[in-house]
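Excluded from the calculations below are hydrogen atoms, water molecules and symmetry mates; all remaining heavy atoms, backbone and side chain alike, are included.
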Amino acid sequence: MSVETEIKLVSPGGGIGFDVFSDERIRGFIDSIEEIVMETAYFADGQGGLEDSRYMLRLRSENGNGVVGFKCRLKRGCAERRLELEHPAASIEEGVEKLLADRGLPDKAREILSRSQLKCLCGASFVRRQAKYSAGGAGFYLCHDKGRVFAADRQAPIDELELELVQGDEQAMLEAARYLCEKYCLEFSQKGKHQRAMELVK
């Protein structure tokens with residue numbers, strides 16, 4: 001079990017439109033840039049329990065490696081905090097089995113996953129470029145995600161920055177986010193890929 005602290009930044013005009021890793025202030029604090037191809041399927045149960053409880057269940061391929069993920073929001077704000085459980089899994093059935101064996105899974109989520117038939121409703125397909133930003137004992141991943149979310153024959157573009165805390169206090173991450181917002185006219189966003197993909201279903 002882990003608590004994920006994350007910031008999302010978007011451009012009100014659409015695309016990011018610049019290489020964040022080349023920024024004069026940012027590049028002095030980052031290590032090598034990694035590229036990850038992400039293919040994600042988001043699941044729902046027939047009774048709507050996951051959605052009503054604001055739980056997120058996904059199966060993601062990360063450069064070909066399958067990972068099941070469960071998240072629930074703990075705190076809203078510029079830097080959101082969420083409970084996050086992840087396990088290697090090649091299928092949603094294997095993933096759910098591992099989640100049910102995880103002591104960190106909330107009791108309500110355990111009940112829903114134990115009794116429900118799951119169905120993939122929507123997904124996301126994107127490429128993530130990321131580098132670790134380190135400063136003064138704090139560290140976070142700086143990511144640029146670009147691709148699309150989709151449901152059936154509907155789709156919408158993804159082009160956003162994510163900052164994900166790895167160690168230390170979140171202050172350095174917030175300062176970097178505010179700098180990027182001011183310089184490049186970006187905005188904080190609380191809408192994740194799962195929510196955006198689910199909006200295409202409705």
Side-chain angles (χ1 to χ4, degrees), residues 1-8 10 36-77 79-128 130 141 143 145-166 189-202:
M1 179 177 67
S2 66
V3 174
E4 174 188 64
T5 302
E6 177 184 271
I7 296 171
K8 293 183 182 294
V10 298
I36 307 172
V37 179
M38 305 275 203
E39 301 289 343
T40 306
Y42 297 111
F43 290 83
D45 63 291
Q47 293 75 39
L50 290 172
E51 185 176 4
D52 291 345
S53 302
R54 299 185 181 275
Y55 294 150
M56 186 279 291
L57 178 66
R58 73 182 181 206
L59 184 68
R60 173 176 283 176
S61 170
E62 301 179 358
N63 282 345
N65 299 309
V67 180
V68 69
F70 169 88
K71 295 185 181 184
C72 65
R73 180 177 286 145
L74 300 176
K75 177 187 174 184
R76 295 179 67 92
E80 288 204 351
R81 289 188 183 138
R82 294 179 290 191
L83 169 69
E84 179 180 42
L85 306 175
E86 287 191 334
H87 295 281
S91 66
I92 193 61
E93 293 78 13
E94 179 187 1
V96 168
E97 183 177 343
K98 290 185 175 181
L99 287 171
L100 290 173
D102 192 320
R103 294 183 179 181
L105 187 69
D107 291 341
K108 188 174 183 180
R110 189 180 306 280
E111 179 185 349
I112 294 170
L113 294 181
S114 296
R115 63 174 167 77
S116 301
Q117 291 288 326
L118 299 174
K119 180 180 180 180
C120 177
L121 292 183
C122 52
S125 177
F126 59 98
V127 175
R128 166 169 290 181
Q130 69 176 30
Y141 280 111
C143 313
D145 295 344
K146 191 168 185 177
R148 65 189 179 101
V149 292
F150 56 86
D153 59 348
R154 303 179 67 191
Q155 64 178 8
I158 296 169
D159 196 355
E160 63 186 16
L161 300 182
E162 288 191 4
L163 292 76
E164 301 177 1
L165 190 66
V166 177
S189 174
Q190 295 181 344
K191 186 178 289 189
K193 299 177 186 69
H194 174 244
Q195 183 179 349
R196 294 182 62 199
M198 288 296 291
E199 288 175 352
L200 298 176
V201 177
K202 300 174 181 179

Sequence neighbours left out, what passes ring pair (Phe, Tyr, Trp, His ring centres under 6.0 Å) with His194? Give chain and number order.
-> Tyr42
May I ask you to test the Val68-Leu57 pair for a side-chain heavy-atom distance under 4.5 Å?
-> yes
In terms of heavy-atom contacts, Ala90 and Leu59 come closest through O-CD2, 4.2 Å
Test side-chain contact (heavy atoms from CB on, under 4.5 Å), reference Tyr55, set Asp45, Ile112, Leu113, output is Ile112
Any side-chain heavy atom of Arg115 within less than 4.5 Å of one from Gln47?
-> yes
Heavy-atom closest contact (Ser53 atom, Lys108 atom, distance) | OG-CE, 3.1 Å
In short, Gly104 meets Leu85 closest at the heavy-atom pair C-CD1, 3.9 Å
State, yes or no, whether a side-chain contact exists between Lys98 and Pro88 at a heavy-atom distance under 4.5 Å.
-> yes
Distance-minimising heavy-atom pair for Gly69 and Glu86 = CA-CG, 4.2 Å
Inter-residue atom distance Leu161.CG - Ser189.OG, 0.5 Å rounding = 11.0 Å
What are the two closest non-hydrogen atoms of Glu162 and Glu6, and how far apart are they?
-> OE1-OE1, 3.1 Å
Qualifying residue, where the test is salt bridge (charged side-chain N to carboxylate O under 4.0 Å, His left out) with Glu164 and the options are Arg82, Lys8, Arg128 | Arg128
Backbone of Val37 reached by a side-chain donor or acceptor of Asn63 within 3.5 Å | yes
Answer yes or no: is there a donor N or O on one side and an acceptor on the other, between the side chain of Gln195 and the main chain of Lys191, under 3.5 Å?
-> no
From SG (Cys72) to CG (Leu105), nearest 0.5 Å = 8.5 Å
Applying ring pair (Phe, Tyr, Trp, His ring centres under 6.0 Å), name anything that partners Tyr141, two or more places apart in sequence or on another chain.
-> none
Without placing hydrogens or testing angles, list every side-chain donor-acceptor pair under 3.5 Å for residues 118-127, not counting sequence neighbours.
from, atom 1, to, atom 2, distance (Å)
Ser125, OG, Glu39, OE1, 3.0
Ser125, OG, Glu39, OE2, 3.0

Enclosure of Glu97 CD (heavy-atom neighbours >12, cutoff 6.0 Å) | no
Hey, is the main chain of Leu100 close enough, under 3.5 Å, to the side chain of Arg110 for a donor-acceptor pair?
-> yes
Check whether any side-chain heavy atom of Asp145 lies under 4.5 Å from a side-chain heavy atom of Lys193, and answer yes or no.
-> yes
Sole residue of Glu80, Glu4, Glu84 in salt bridge (charged side-chain N to carboxylate O under 4.0 Å, His left out) with Arg73 | Glu80
List the atom of Arg196, the atom of Ile158, and the distance in Å for their closest heavy-atom pair.
-> NH1-CA, 4.0 Å
Arg154 side chain vs Leu200 backbone, donor-acceptor pair below 3.5 Å = yes
Quick one: pull up SG in Cys143 and CD1 in Ile7 and give me the separation to the nearest 0.5 Å.
-> 12.0 Å
